[in-house]
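We name chains A, B, ... by the order of the sequence lines, and we start the count at 1 in each one.
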Amino acid sequence: MSEYPFQNIETKWQAFWESNKTFRTPSDVDTSKPKYYVLDMFPYPSGVGLHVGHPLGYIATDIVSRYKRMNNFNVLHPMGFDAFGLPAEQFAVEHGVHPRITTEKNIDNMLRQLKALGLSYDWDRKLSTTDVDYYKWTQWIFLKLFNSWYDEEQDKARPIEELVEIFADTRPGWSLLSTAEKEHVLEGYRLAYLAEVPVNWCPALGTVLANEEVTNEGRSERGNYPVYKRPLKQWMLRITSYADRLEEDLEDVNWPEPVKMMQRNWVGRSEGAHVDFVVEGQEDKLRVFTTRPDTLFGATYMVLAPEHELVDVITKNDQKAAVKAYRKEASGKTDIDRMSESKTKTGVFTGCYAINPAGGSRIPIWIADYVLMGYGTGAIMAVPAQDERDWEFAKVFDLPIVRTVQPPDGFDGKAYTGDGPAINSEFLDGLRIDEAKARMIDWLEAENHGEGTVTYKLRDWLFSRQRYWGEPFPILRGEDGSVRAVADDELPVELPPMEDFKPTASDDPEAPPRPPLSRAPESWRVVEIDGVKYERELNTMPQWAGSCWYYLRFIDNMNDEAFAATDQEKYWMSPAGVDLYIGGVEHAVLHLLYARFWHKVLFDLGYVSSVEPFGRLFNQGYIQAYAYRDERGIAVEATKVVNQDGRPAMDVQDQKGQTYFYEGQPVSQEYGKMGKSLKNAVSPDEINDQYGCDTLRLYEMYMGPLEASKPWNTRDIVGVNRFLRRVWRNFIQDDTDVILVSDDPATDEQMRLLHKTIARMTSDMERMSFNTAIAALIEFLSGIVSLDTIPRSIAEPFILMLAPLAPHISEEIWQRMGHEESLAYAEWPEVDEKWLVQDMLKLVVQVNGKVRGTIEVPADTSKEAIIEAGRTNEKVIRHLEGKEIRREIYVPGRLINIVVG
RNA sequence: GCCGGGAUGGCGGAAUAGGUAGACGCAACGGACUUAAAAUCCGUUGAGACGUAAGUCUCGUGCGGGUUCGAGCCCCGCUCCCGGUACCA
C-alpha cells in the first residue's frame with residue numbers, strides 16, 4: 001500500500017461516523033453526567049462557499065467537543081444555517097432564482113464542505129432559520145415580546161395582561177376607555193411596538209436598517225449604499241428597558257474584555273442630571289441633559305439641535321431667516337458632510353434668552369449641528385470652560401467663558417475637563433467634582449429645577465424590514481389601523497410563495513417603501529376573523545431575529561409543542577448557558593447584544609433558566625494572506641504571482657528583497673484578511689485534495705494561538721503533513737500493511753516521555769492552546785521514531801491524544817490496533833504522577849543573574865548541598881574568584897543564583 | 001482624539017506563577033541513502049568577537065528609564081501596527 005492513504009481513510013471514517021450516528025446526542029442522555037454545550041456562530045450559506053479562514057473556529061470547537069467526549073461529558077455540538085436576510089436575498093436576486101432554492105443549494109454545498117472536514121456535529125439537530133418549523137418559534141417569541149411590558153419596579157418583563165389588571169385597579173377611568181384607546185396606552189409599554197420614528201432608510205436596498213447596520217460613514221453595512229434619515233412607522237423592540245441589565249450582567253460572563261467593552265460603549269450609560277431652564281417669553285421650560293451638573297454656574301449659553309421642536313417657537317423675528325437657512329442646510333447634509341466639516345463649529349443665534357437657574361444670569365440660546373437630536377433631550381447647556389466642544393463654539397462666536405473648576409497651576413489649555421475644586425459657584429465652591437455633582441443634584445431637586453438622571457446611547461431596536469426573505473410578523477392590522485396578534489395556535493404564518501420577490505429599490509430617498517409582501521396574493525394578505533377583515537403585516541423581521549435564539553432550538557429541535565422542552569433546556573443551559581461559544585469579533589455588538597436581550601426577556605417570562613445565553617465567548621482570529629495589486633491598484637490572483645526568479649510568490653513571500661510580477665507586469669505586495677476582494681483566498685477543497693483534512697485541521701491549529709490573526713502560508717503545511725506521514729510510517733509497515741504495535745512493556749524512559757506528554761497535552765487542551773499541543777505530539781513521536789515496534793502501552797495513549805486533532809488517521813490506527821469500537825468515546829489518557837518525578841535534577845547556576853554553568857544532582861539532595869555543588873562547579877568558580885559572596889538563592893528544581901560583590 | 005489589543009531569529013510562533021529566551025514547525029545550509037532525483041533519516045542555524053579545537057566572552061524579546069539577586073513577563077515615559085469608536089453634552 002502506498003504511504004499514508006489519507007483519501008481512503010478520511011472517506012471511510014466520515015462515512016462510518018455518518019452511518020453510525022457516532023456524534024448524535026440523544027434526547028435521553030444520562031443527566032447525572034456533566035454537560036458541555038459547544039457552539040459555533042452559525043454561517044450564512046453564501047454562494048461562494050468556504051475559504052480556509054472560515055473553518056478555523058469550527059475546527060477548534062470540534063477539537064474541544066471530541067476532547068470533552070473523551071472526558072465523560074455529554075456534549076451538545078450542533079450546527080445550522082442563518083439563511084434569512086439580505087445576503088441570501090441579494091444572492092437570489094442576482095441569480096434570478098427564488099431564495100428558497102438558492103438557499104437550499106448553498107446549504108447543501110456548505111454541508112458538503114463542512115462534512116469533508118470531519119467535524120463531529122450532531123447533524124440530526126441541523127436547522128436553518130428559514131425552516132418553517134423553526135421560524136414558527138421565532139414568531140412565537142415575537143408574540144411574547146408583543147404581549148409583555150417592562151415593570152421598572154420589579155426590573156423584569158411581565159405579561160401585558162398583568163399590566164391591564166394593574167391599570168384596571170389603579171388608573172382612574174381605565175374601564176371607560178375604548179378598546180382602541182386602551183390599546184394606544186398599552187402600545188407605550190409593549191416590548192414590541194409600532195412607532196413613527198426617524199429611521200435609517202436605504203433606498204438602494206429598498207428597506208430600513210437598524211442603527212447597528214449603518215456604518216459611521218452613513219452607509220449600509222451590507223452593500224455600502226447611502227442611508228437617509230426619514231420618519232416611518234415601524235416595529236420597534238424596547239431593548240432600552242434592558243440597558244442596565246445588558247451592561248451589568250457583562251460582569252458575570254467569561255467573555256473577551258474588548259467585546260464587553262464594545263457592548264458597554266454601545267449601551268453608553270451616562271449619569272447626570274436633567275436641568276430645566278426658563279425661556280424668556282415661554283411658558284414651557286427648556287430641558288437639557290448634562291453629565292456635569294456641577295458646572296451649571298459656568299453655563300453661559302445654550303444650544304439646541306437644529307431639529308429641536310422648540311426652535312420655531314422661540315426664534316425671534318429678526319433671526320428667523322438666518323435660523324431657517326441654517327436648519328435647511330443642516331437637514332440637507334448627509335452624515336459624511338457633517339463629519340468632513342467637523343473641524344470648525346457652526347451655528348446661529350435664535351434671538352431668544354434663557355435664565356440660568358443657578359445664579360439667574362441671562363444666557364443666549366443658539367442652534368448648532370454639534371448638538372444631536374438623538375441624544376439626551378436634543379438641547380444642551382454650554383459650559384465652555386469645562387467642555388472642549390463648547391469652548392471651540394464659544395471662541396468662534398465670542399461667547400463668555402466662566403471657569404467653575406480651578407485648573408491646576410500652569411494649566412495653559414483651553415477647556416479644563418479634569419478634577420479640581422469648584423470656583424465661581426456659590427454653594428459649590430471648594431468641592432471636588434463628585435461632591436459638587438451630588439450637591440447640585442440635591443439643590444436642583446429641592447428647588448424644582450430638575451433631577452438626577454441617566455441616559456443611554458442605546459436606542460430601541462428597529463425591527464421591520466421591507467424585504468421578502470425574512471420571517472413574516474404574526475400580526476394583523478384592522479382597517480381602522482388597529483393591531484392584533486395572530487393566535488399561538490395559528491402559527492406559523494408562512495411566507496407566501498411569490499414569483500416576484502424583489503424589493504422595490506430606488507435612487508430616490510423620498511420614494512415610499514413598498515414591501516414585496518404587498519404584492520402577495522390576497523388569499524394570503526387578507527384574513528377574516530369573526531366577520532372583521534384584517535390585512536397581514538407586510539414587513540418582515542430582520543436577519544438578526546433568527547440568530548437571536550437558535551442556540552435554544554438546538555437543544556430540542558424536533559419539539560413541536562415548545563421551542564424546547566423545559567427539562568432539556570434546564571439540563572443544557574444551567575447554570576451559565578452555552579459553555580463555549582466561538583465566533584468572529586465582528587458580531588460583538590449586533591448579534592450578541594440582540595441575543596442577550598431576547599434571552600433576558602425569555603428568562604423574565606420563565607421560559608429559560610439562565611440569565612445569560614453564552615457563559616463563555618471566544619473570538620478566533622482572522623486568517624490573513626499576502627495579496628498583490630498591479631499598477632492600476634487592482635488585485636490580481638495571488639496564486640499566479642512570481643518573484644524576480646520566476647519562483648511562485650507563495651514560496652518566498654515572507655522573505656525580504658523580493659520583487660513580484662503578474663503575467664510579466666510588476667505588482668506590489670500587501671497583506672490582509674483572506675477573501676474574495678483581495679483575490680488571496682485559498683479553498684479548503686484544494687488542501688483536502690492534496691494533503692487531506694487531518695493535515696488541514698492540524699495546520700490551521702498549528703499556525704498560532706486561536707485568538708490571534710495570522711498569515712496563511714501554504715508552504716508551511718508540509719510540516720504537519722510530514723508529521724502525520726511519520727505517524728503512519730511508524731505505526732503501519734510500508735509494504736506489508738502490518739500494524740507495528742507490540743505487547744512488549746515500555747521502558748521507563750518511554751513511560752516518562754508518555755506521561756510528560758499527557759500532562760502537557762491535557763493542560764494545552766484545557767486552555768485551547770492547540771499549537772503547543774501539536775508540538776507536544778511531534779516531540780513525543782520524535783522520541784519513539786527509531787523503534788521498530790511501539791509498545792501498546794504508549795502507542796494507544798498517543799493515538800487517543802492525537803484523535804481530537806486528527807480524528808481520521810487516529811480512528812484508522814485505533815481500529816488496526818484491534819479495537820472494534822470508534823475511539824470517539826474512549827477515555828482520555830490519565831497522567832500517572834510517578835512518571836513525572838525526576839531522579840536527577842538539572843540545575844542552572846547563575847552568578848549575578850548570568851548563566852555560568854549547569855549541575856546535575858540527585859533529586860533528594862538538600863538545599864545546602866545543592867548550593868555547595870553550584871559554588872564549586874568548575875565553570876562557576878572562575879566567576880567567583882576574588883569576590884565576596886553576598887547572597888545565595890535556590891529556586892527549587894530550577895536554578896541557583898550566587899550574588900557576588 | 002478617546003478606549004482596547006499587540007510588537008520575540010530569515011518566517012509562523014514557544015516560554016502556563018518574575019527563574020536556562022528562541023520549544024515545535026517552515027525556510028536555508030551540510031551530510032547519509034540513491035546511477036540520479038523525489039521521499040526519508042542525521043546534523044547545523046539569534047547577532048558578534050576570540051580560539052587550531054573543545055570552548056569562552058559580549059550583546060540580544062519595538063525605543064528610553066526604573067524595581068529586583070534575576071525582567072520577554074512588573075512599574076513609568078514614548079514609537080509604530082491592528083481593532084473599536086467618534087461633536088453622546
Side-chain angles (χ1 to χ4, degrees), chain A residues 3 216 256-262 264-266 268 270 272 288-292 295 303 338-339 342-343 345 368-372 374-383 386-390 392-393 455-457 585-586 588-589 619 621-622 624 651-657 698-699 702-705 707-713 715-720 722-723 725-726 729 760 763-764 766-767 769 771-779 782 785-786 842-854 875 878 886-901:
Chain A
E3 64 162 34
N216 42 19
E257 275 309 317
V259 175
K260 288 189 183 185
M261 184 202 69
M262 281 157 72
R264 279 195 201 104
N265 288 347
W266 195 263
S270 66
V288 303
F289 173 73
T290 178
T291 54
R292 293 291 302 275
T295 63
V303 186
R338 274 203 186 189
M339 296 264 301
S342 64
K343 297 283 175 259
K345 296 271 182 291
D369 65 4
Y370 84 93
V371 175
L372 308 173
Y375 186 74
T377 63
I380 62 156
M381 58 179 228
V383 190
Q386 274 85 229
D387 183 287
E388 280 155 16
R389 295 152 303 181
D390 296 345
E392 282 175 38
F393 190 83
T455 62
Y456 303 89
K457 260 160 65 174
V585 71
E586 67 271 20
V589 174
N619 296 127
Y622 295 121
Q624 300 172 302
D651 291 348
V652 293
Q653 57 197 0
D654 50 5
Q655 281 158 31
K656 283 178 189 153
L698 233 39
Y699 176 63
Y702 192 61
M703 289 167 72
E707 68 274 19
S709 290
K710 53 234 158 188
W712 179 269
N713 226 338
R715 189 188 64 197
D716 290 349
I717 293 175
V718 297
V720 286
R722 278 177 198 153
F723 165 66
R725 292 209 312 250
R726 200 140 40 113
R729 236 182 309 110
R760 281 172 72 182
S763 104
D764 285 351
E766 288 293 334
R767 61 197 179 98
S769 178
N771 54 336
T772 53
I774 295 165
L777 292 176
I778 294 174
E779 284 180 60
S782 315
V785 79
S786 58
K842 275 198 184 115
L843 297 170
V844 160
V845 186
Q846 299 181 336
V847 178
N848 286 348
K850 284 198 169 128
V851 181
R852 297 301 181 187
T854 54
K875 285 177 183 160
R878 283 185 297 191
R886 297 189 185 275
R887 205 170 151 187
E888 288 162 327
I889 292 152
Y890 173 54
V891 182
R894 290 200 181 261
L895 56 75
I896 299 156
N897 189 11
I898 301 167
V899 184
V900 295

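Distances shorter than 4.0 Å separate some side-chain N or O of A:Ser270 from OP1 or OP2 on B:A89. Close to B:U56, at under 4.0 Å from its OP1 or OP2, lies a side-chain N or O of A:Lys875. For the OP1/OP2 pair of B:U58 and a distance below 4.0 Å, the side-chain nitrogens and oxygens of A:Arg852 include at least one atom meeting the criterion. In this model, the phosphate group of B:U56 is not approached by any side-chain N or O of A:Lys850 to a distance below 4.0 Å at OP1 or OP2. Note on A:Arg726: a side-chain N or O is less than 4.0 Å away from OP1 or OP2 of B:C41. Contact between the side-chain N/O atoms of A:Tyr702 and the OP1/OP2 oxygens of B:G25 is not found at any separation under 4.0 Å. Contact check, A:Arg887 against B:C69: a side-chain N or O comes under 4.0 Å of OP1 or OP2.
A 3.5 Å limit on both hydrogen-bonding distances identifies B:A32 as the Watson-Crick or G-U partner of B:U40. Within the shown strands, B:C57 is the pairing partner of B:G48 under the Watson-Crick or G-U definition, both distances less than 3.5 Å. Across all strands shown, B:U85 is found opposite B:G1 as a Watson-Crick or G-U wobble partner, with both distances under 3.5 Å. Summarising the base pairing, B:U68 is matched to no nucleotide, lacking a Watson-Crick or G-U wobble pair whose two defining distances lie under 3.5 Å. In this structure, B:G77 and B:C63 make a Watson-Crick or G-U wobble pair, each of the two defining distances being under 3.5 angstrom. Nucleotide B:G12 has B:C24 as its partner under the Watson-Crick or G-U criteria, with both atom distances under 3.5 Å.
A gap of 35 Å separates the P atoms of B:G13 and B:A37, to the nearest Å. Annotation: B:U34 and B:C41 have their C1' atoms spaced 13 Å apart (nearest Å). One C1' atom belongs to B:A27, the other to B:A7, and the distance between them is 22 Å to the nearest Å. Nucleotides B:G18 and B:C73 are separated by 11 Å at their P atoms, to the nearest Å.
Atom CG in A:Asn713 sits roughly 13 Å away from atom C1' in B:G13 (whole-Å rounding). Taking atom CH2 on A:Trp266 and atom P on B:C3, their separation rounds to 20 Å, with Å as the unit. The interatomic distance linking A:Ile717 (CD1) with B:A27 (C1') rounds to 15 Å, in whole Å.
Contacts of A:Pro256 with the nucleic acid, taken as non-hydrogen atoms under 4.0 Å apart, are absent. Using a 4.0 Å heavy-atom cutoff across all strands shown, A:Thr290 reaches sugar-phosphate atoms only and no base atom. Across all strands shown, A:Gln846 has heavy atoms under 4.0 Å from base atoms, whether or not it also approaches the sugar-phosphate.
Counting non-hydrogen atoms of neighbouring residues, nucleotides and ligands closer than 6.0 angstrom, the CZ atom of A:Arg894 reaches no more than 12 such neighbours. Around CD of A:Glu388, the count of heavy atoms belonging to other residues, nucleotides or ligands within 6.0 Å does not exceed 12.
Within the cation-pi definition used here (under 6.0 Å to the ring centroid, within 45° of the axis), A:Lys345 qualifies as a partner of A:Tyr370.
The shortest heavy-atom contact between A:Phe393 and A:Ala368 is CE1-CB, 3.6 Å.
Residue A:Asn897 places its side chain closer to B:G70 than to any other of B:G25, B:A14, B:G70.
Residues A:Asn771 and A:Arg729 both approach RNA chain B. Their nearest nucleotides, taken by heavy-atom distance, put A:Asn771 toward the 5′ side. Nearest-nucleotide positions on RNA chain B for A:Arg722 and A:Ala379 put A:Arg722 closer to the 5' end.
For B:A17, the base adopts the syn conformation, since its glycosidic angle falls within 90 degrees of zero. In this entry the base of B:G4 is anti relative to its sugar, with a glycosidic angle more than 90° from 0.
With hydrogens and angles ignored, no donor-acceptor pair closer than 3.5 Å exists between the side chain of A:Asp716 and the base of B:C26.
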